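The model shown is predicted, which means the values in this text are computed figures rather than measured ones. The figures here come from the full heavy-atom set of this structure, side chains too, leaving out hydrogens, waters and symmetry mates.
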Amino acid sequence: MLLYATIIYIYLYLSAMSDIWHILSRGVDKRIIFLDDEDRFRFIHDLFEFNDQNPVSDVFYTFNKSNKSSWDFVSPKIEKKPRKLLVDIYAFCIMSNHYHLLLSPLVENGVTQFMRKLNIGYAKYFNEKYDRTGALFEGRYKSIIIKNDAHFLYLPFYIHCNPLDIIDIGWRTGQLRKYNEAIKFLENYRWSSHLDYLGKKNFPSVINQNMLLDIFGGRKNYEKAINQWLSDMKISKQIQEMNTLLLEK
């Protein structure tokens, strides 16, 4: 009954919003596009910096580590105009050769503008750093609108659980061998928005958390819901039902 009510709430919530997109972009020939933590930090910086209608004026943002678990972006020497966001980013996850985003446009063609700036900007950084030329990403990014789709309930979970492929791909078929270790692994994986939803500030300025926290009823309920989903033996059926939304064919 609670699940049914949540789905109805999501339907009503999304009906009043702009289209929501699931986006995946992969390295050309499935090559690794994040070779070290510097690359991953740079990409997260780009999620922040390029989400702006204003021209990019400062690609040298630095990371301000305010405590052991929280980073944010600062540029103390350059005065910038307030950002005018192109999109709201609700969730992200970085893997070695691809990344996932869950977002919605705030202006006309906002998704297209943001993705062009993001992929071109990161590719320029990557090619300069590694002294290479040519395309970094596998053609145009893949995308699909998920407006009014009940499976949206599980899509943020799917995006945030992707790093489990590193330790146990069995999670995709409901055959996770060590559940507690999987939960701990996700809690220590820096390169997604999962930690911020748990209330562990990681990259808080990158995402808009309000929508998902409203839908799940707060951080504790989000944590409980994703952990229950991961332990559900029917997870493979749910992933199969979401197949058209996952873009990983």
Side-chain angles (χ1 to χ4, degrees), residues 13-14 16-25 33-34 37-67 69-94 99-126 128-129 136-137 140-141 143 145-147 156 159-160 190-215 219 222:
Y13 198 113
L14 299 187
M17 295 186 62
S18 300
D19 293 337
I20 296 180
W21 294 78
H22 177 208
I23 289 176
L24 178 145
S25 195
I33 55 176
F34 304 108
D37 283 355
E38 182 180 43
D39 295 344
R40 288 179 274 271
F41 275 122
R42 175 64 190 211
F43 182 78
I44 293 172
H45 150 276
D46 288 350
L47 287 176
F48 176 88
E49 174 68 18
F50 295 137
N51 189 10
D52 193 349
Q53 298 175 50
N54 297 311
V56 176
S57 59
D58 177 15
V59 296
F60 301 105
Y61 264 67
T62 57
F63 293 93
N64 176 35
K65 191 172 184 182
S66 57
N67 56 56
S69 62
S70 179
W71 294 74
D72 214 336
F73 306 105
V74 295
S75 182
K77 297 181 180 179
I78 299 177
E79 184 177 347
K80 285 197 61 176
K81 296 178 180 179
R83 287 194 306 155
K84 297 179 180 179
L85 301 185
L86 291 166
V87 297
D88 268 331
I89 301 173
Y90 303 117
F92 71 86
C93 183
I94 300 173
Y99 66 84
H100 291 267
L101 299 175
L102 187 65
L103 51 76
S104 64
L106 293 174
V107 298
E108 186 175 0
N109 297 320
V111 172
T112 300
Q113 293 181 59
F114 173 66
M115 292 304 300
R116 183 186 297 118
K117 292 171 73 174
L118 179 66
N119 278 2
I120 290 175
Y122 182 75
K124 184 175 185 295
Y125 152 81
F126 188 93
E128 288 182 358
K129 177 180 177 180
L136 178 63
F137 292 99
R140 179 180 168 86
Y141 59 88
S143 62
I145 299 176
I146 57 171
K147 184 177 181 180
I159 290 173
H160 287 156
R190 294 289 315 277
W191 316 111
S192 84
S193 47
H194 178 59
L195 293 184
D196 286 301
Y197 280 105
L198 294 179
K200 302 176 180 180
K201 290 184 178 180
N202 194 31
F203 301 107
S205 59
V206 172
I207 58 174
N208 181 345
Q209 303 177 52
N210 295 334
M211 182 188 72
L212 289 183
L213 290 179
D214 282 351
I215 286 172
R219 302 189 191 282
Y222 163 80

> For a quick test of reading the model, state the closest non-hydrogen atom pair linking P82 to N54 and the distance between them.
O-ND2, 3.3 Å
> Is the side chain of S25 donor-acceptor paired with the backbone N or O of Y141 at a distance under 3.5 Å, no angle test?
no
> Under the side chain to side chain contact (heavy atoms under 4.5 Å, CB included) criterion, do L118 and Y99 qualify, and how do the steps go?
CA-CA 12 Å; L118 179 66; Y99 66 84; 3.6 Å; yes
> Say whether, by atom type as modelled, one donor and one acceptor occur between the side chain of N208 and the main chain of L103 under 3.5 angstrom.
no
> Of all heavy-atom pairs between S192 and N202, which one has the smallest distance, and what is that distance?
O-ND2, 3.8 Å
> Would you kindly say whether Y125 and H45 are connected by a side-chain donor-acceptor distance under 3.5 Å?
no
> Side-chain contact test, heavy atoms from C-beta onward, threshold under 4.5 Å: evaluate it for I20 versus M211 and give yes or no.
yes
> Output all residues satisfying salt bridge (Lys or Arg N to Asp or Glu O under 4.0 Å) with E128, sequence neighbours left out; order by chain, then residue number.
K124
> Does the N51 side chain pair with the main chain of V87, one donor and one acceptor, at a distance under 3.5 Å?
yes
> For a quick test of reading the model, state the closest non-hydrogen atom pair linking D46 to G121 and the distance between them.
OD2-C, 4.1 Å
> Would you check if the side chain of D196 reaches a backbone N or O of F203 as a donor-acceptor pair within less than 3.5 Å?
yes
> What's the verdict on side chain to side chain contact (heavy atoms under 4.5 Å, CB included) for F114 and I23, showing C-alpha distance, side-chain angles and the deciding distance?
CA-CA 12 Å; F114 173 66; I23 289 176; over 6 Å; no
> Over all heavy atoms of both residues, which pair between Q113 and L86 is shortest? Give the atoms and the distance, please.
OE1-CD2, 3.6 Å
> Partners of R219 by side-chain hydrogen bond (donor to acceptor under 3.5 Å, both in side chains), sequence neighbours excluded?
Q209
> Could you pull out all residues at least two apart from D37 that satisfy side-chain hydrogen bond (donor to acceptor under 3.5 Å, both in side chains)?
R40
> Are any non-hydrogen side-chain atoms of F92 and I159 less than 4.5 angstrom apart?
no
> Kindly write out the residues that satisfy salt bridge (Lys or Arg N to Asp or Glu O under 4.0 Å) with D39, not counting sequence neighbours, or none if the list is empty.
K129
> Quick one: side-chain hydrogen bond (donor to acceptor under 3.5 Å, both in side chains) partners of H22, sequence neighbours excluded?
H100
> Give the ring-plane orientation class for H160 versus H194, where under 30° counts as parallel, over 60° as perpendicular and anything between as tilted.
tilted
> May I ask you to check whether F126 and F43 place their ring centers less than 6.0 Å from one another?
no
> Donor-acceptor pair, distance only, cut-off 3.5 Å: does the side chain of D52 make one with the backbone of R83?
no
> Report the relative orientation of the aromatic rings in Y122 and F34; use parallel for angles under 30°, tilted for 30 to 60°, perpendicular for over 60°.
tilted
> Excluding sequence neighbours, so at least two apart, what forms ring-ring contact (aromatic ring centres under 6.0 Å, His included) with F137?
none
